[in-house]
Amino acid sequence: METIQEDSMTIPFGAKHLVAVLSIPANASDVQTAVILTHGAGGDMNFKHLVSLAHALSSNGLLCLRFTCKGLNLVYRVKAYNAVWEYLKSLEKFTIRNIFLGGRSMGSRAASALARQLSGGSEDALQGLVCLSFPLHPPGLTHTHRQRSEDLRALPKEVPVLFLSGTADNMCEKVLLDDVLKEMKSPATVHWIEGGSHGLTVKGRAEESVLDEVNSHVISWILEHT
């Protein structure tokens with residue numbers, strides 16, 4: 001695995017700033033692919049799963065920018081995500097040609113909404129979407145899955161999607177996600193973590209083992225789509 005460095009930064013967002021960390025691979029001068037990651041409704045960019053994935057991506061030659069955006073308003077979070085997208089594209093020290101949007105839980109909803117917006121224009125840097133524990137519905141409220149999957153179903157076939165969810169996730173019933181996949185125009189791949197909860201914890205299994213499984217699937221999928 002390659003040596004990486006991490007740079008902390010603040011990203012302009014209206015009158016505010018978003019805190020972020022850029023994980024840079026050793027071959028920084030050659031890197032052309034970047035991944036943006038953000039957290040769920042709680043926590044921040046230092047959520048262990050995001051940090052682990054960011055380090056794994058960078059160790060495999062990919063740039064990774066993760067950021068914190070507090071708040072439960074999806075529209076606000078999508079605007080923040082767009083500010084991060086624009087900031088990443090403006091970095092002159094890198095020649096970034098491919099960008100993947102990613103997030104965990106609510107962060108993946110923001111990522112999918114932005115992917116839908118960007119795919120409707122002339123943006124060609126967008127290469128795909130990574131959804132970790134996509135919250136298809138609140139616990140017990142499965143009827144909301146149609147509204148929460150609207151952005152996913154509207155994505156064009158040029159934007160592939162990777163889902164990683166636990167089979168015991170009470171916010172993503174497998175049968176409902178399967179129904180959404182049938183309606184999506186985008187080529188979608190789902191990797192189910194056996195026994196995984198919404199937080200991707202698996203009873204009786206070491207956390208690092210689960211993280212390794214998630215990271216390896218994300219990296220393999222991204223490399224297949226660049």
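Quick note: numbers below take in every heavy atom, side chains included, and nothing from hydrogens, waters or symmetry partners. No experiment lies behind these values; they were computed from the predicted model shown.
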Quiz item: Do Val190 and Val161 have side chains that get closer than 4.5 Å, going by heavy atoms?
Solution: no

Quiz item: Is any side-chain heavy atom of Lys185 closer than 4.5 Å to a side-chain heavy atom of Leu155?
Solution: no

Self-check item: Asp124 CG to Ile99 CD1 distance, which is reported to the nearest 0.5 Å
Solution: 10.0 Å

Quiz item: Any chance the side chains of His198 and Asp169 put a donor and an acceptor closer than 3.5 Å?
Solution: yes

Self-check item: Trp85 to Leu114 - nearest heavy-atom pair and separation
Solution: CB-CD2, 4.3 Å

Exercise. For residues Lys48 and Glu208, determine if any side-chain heavy atom of one lies less than 4.5 Å from a side-chain heavy atom of the other.
Key: yes

Exercise. First locate atom OG1 of Thr68, then atom CZ of Phe47, and finally report the distance between them rounded to the nearest 0.5 Å.
Key: 12.5 Å

Practice problem: Consider only side-chain heavy atoms of I, L, V, M, F, W and Y, link residues closer than 4.5 Å, and tell whether Leu223 and Val214 are in one cluster. | Solution: yes

Self-check item: His145 backbone acceptor or donor facing Ser149 side chain under 3.5 Å
Solution: yes

Self-check item: Ile36 reachable from Val19 in the ILVMFWY side-chain graph, under 4.5 Å edges
Solution: no

Quiz item: Do the two ring centres, one from Trp221 and one from His225, sit under 6.0 Å apart?
Solution: yes

Quiz item: Counting heavy atoms not belonging to Gln32, are there more than 12 under 6.0 Å from its CD?
Solution: yes

Exercise. For the residue pair Ile193 and Val202, establish whether any side-chain heavy-atom pair is separated by less than 4.5 Å.
Key: yes

Quiz item: Side chains of His137 and Gln147: is there a donor and an acceptor less than 3.5 Å apart?
Solution: no

Quiz item: Taking all non-hydrogen atoms of both residues, which atom of Ile11 and which atom of Ala20 are closest, and how far apart?
Solution: CD1-CB, 3.7 Å

Quiz item: Under a single-linkage definition using a 4.5 Å side-chain heavy-atom cutoff for Ile, Leu, Val, Met, Phe, Trp and Tyr, are Val84 and Phe94 assigned to the same hydrophobic cluster?
Solution: yes

Exercise. Give a yes or no on whether Arg205 atom CZ has more than 12 heavy-atom contacts from other residues, nucleotides or ligands under 6.0 Å away.
Key: yes

Quiz item: Looking only at heavy atoms, what is the nearest atom pair of Leu63 and Pro25, with distance?
Solution: CD1-CD, 3.8 Å

Quiz prompt | From Tyr87 atom OH to Leu18 atom CG, the distance as rounded to the nearest 0.5 Å | solution = 11.0 Å

Quiz item: Taking C-beta and beyond as the side chain, do Leu162 and Val218 meet within less than 4.5 Å on heavy atoms?
Solution: yes

Self-check item: Main-chain N/O of His49 paired to Ser52 side chain as donor or acceptor, under 3.5 Å
Solution: no

Quiz item: Got more than 12 heavy atoms from elsewhere within 6.0 Å of NZ, Lys16?
Solution: no

Exercise. Compare every heavy atom of Gly128 with every heavy atom of Val159, then report the nearest pair and how far apart it is.
Key: CG1-CA, 4.1 Å

Quiz item: Which residues pass the side-chain hydrogen bond (donor to acceptor under 3.5 Å, both in side chains) test with Ser8, sequence neighbours left out?
Solution: none

Exercise. Decide side chain to side chain contact (heavy atoms under 4.5 Å, CB included) for Met171 and Leu136; before the verdict, give the C-alpha distance in whole Å, the side-chain angles of both, and the deciding distance to 0.1 Å.
Key: CA-CA 6 Å; Met171 298 180 72; Leu136 193 57; over 6 Å; no

Exercise. Report yes if the side chains of Leu177 and Phe163 come closer than 4.5 Å at any heavy-atom pair, otherwise no.
Key: yes

Quiz item: Would Leu118 and Leu101 satisfy side chain to side chain contact (heavy atoms under 4.5 Å, CB included), going step by step from the backbone distance to the final call?
Solution: CA-CA 11 Å; Leu118 295 174; Leu101 303 182; 4.2 Å; yes

Quiz item: Is there a donor-acceptor contact under 3.5 Å from the side chain of Ser186 to the main chain of Pro156?
Solution: yes

Quiz prompt | Atom of Leu37, atom of Cys64 and distance for their closest heavy-atom approach | solution = CD1-SG, 3.6 Å

Quiz item: Can you check whether Gly199's main-chain N or O pairs, donor with acceptor, with Ser197's side chain at less than 3.5 Å?
Solution: yes

Quiz item: Are the aromatic rings of Tyr76 and Phe13 close, with centres under 6.0 Å apart?
Solution: yes

Exercise. Search all heavy atoms of Cys172 against all heavy atoms of Ser165 and return the closest pair with its distance.
Key: SG-OG, 4.2 Å

Exercise. Side-chain contact test, heavy atoms from C-beta onward, threshold under 4.5 Å: evaluate it for Glu213 versus His191 and give yes or no.
Key: yes

Quiz item: Is there a donor-acceptor pair closer than 3.5 Å between any side-chain N or O of Ser220 and the backbone N or O of Ser216?
Solution: yes

Quiz item: So do Arg77 and Thr38 actually touch side chain to side chain, heavy atoms under 4.5 Å?
Solution: yes

Practice problem: Check the side chains of Asn98 and Thr33 for a donor-acceptor pair under 3.5 angstrom, ignoring hydrogens and angles. | Solution: yes

Quiz prompt | Joint cluster assignment, Leu62 & Val51, ILVMFWY side-chain distance < 4.5 Å | solution = no

Practice problem: Say whether Leu152 and Phe100 are linked into one hydrophobic cluster, either directly or through other cluster members, by side-chain heavy-atom distances under 4.5 angstrom. | Solution: no

Quiz prompt | Check against side chain to side chain contact (heavy atoms under 4.5 Å, CB included), Arg153 and Lys182 | solution = CA-CA 9 Å; Arg153 289 182 282 112; Lys182 294 174 185 176; over 6 Å; no

Quiz item: Does Arg109 count as lying over the ring of Phe134, i.e. NZ or CZ under 6.0 Å from the six-ring centre, within 45 degrees of the axis?
Solution: no

Quiz item: If you measure from CG on Leu22 to CG on Leu88, what distance do you get to the nearest 0.5 Å?
Solution: 7.5 Å

Quiz item: Does the side chain of Gln5 pick up a donor-acceptor pair with the side chain of Asp7 at under 3.5 Å?
Solution: yes

Practice problem: Carefully, step by step, assess Leu200 and Glu207 under the rule side chain to side chain contact (heavy atoms under 4.5 Å, CB included). | Solution: CA-CA 9 Å; Leu200 295 181; Glu207 183 179 29; over 6 Å; no

Quiz item: Between the side chain of Asn60 and the main-chain N/O of Ala56, is any donor-acceptor distance below 3.5 Å?
Solution: yes

Exercise. Output all residues satisfying side-chain hydrogen bond (donor to acceptor under 3.5 Å, both in side chains) with Gln127, sequence neighbours left out; order by chain, then residue number.
Key: none

Exercise. For the pair Arg116 and Glu150, find out whether any cationic side-chain nitrogen is under 4.0 Å from an anionic carboxylate oxygen.
Key: yes

Quiz item: Is the closest side-chain donor-acceptor distance between Thr144 and Arg148 under 3.5 Å?
Solution: no

Quiz item: Just how far is it from atom CG of Leu53 to atom NE2 of His217, taken to the nearest 0.5 Å?
Solution: 13.0 Å

Quiz item: Looking only at atom types and distance, does a side-chain atom of Lys70 sit under 3.5 Å from a main-chain N or O of Gly43, one as donor and one as acceptor?
Solution: yes

Quiz item: So how far is it from Ile24 CD1 to Leu65 CG, rounded to the nearest 0.5 Å?
Solution: 10.0 Å

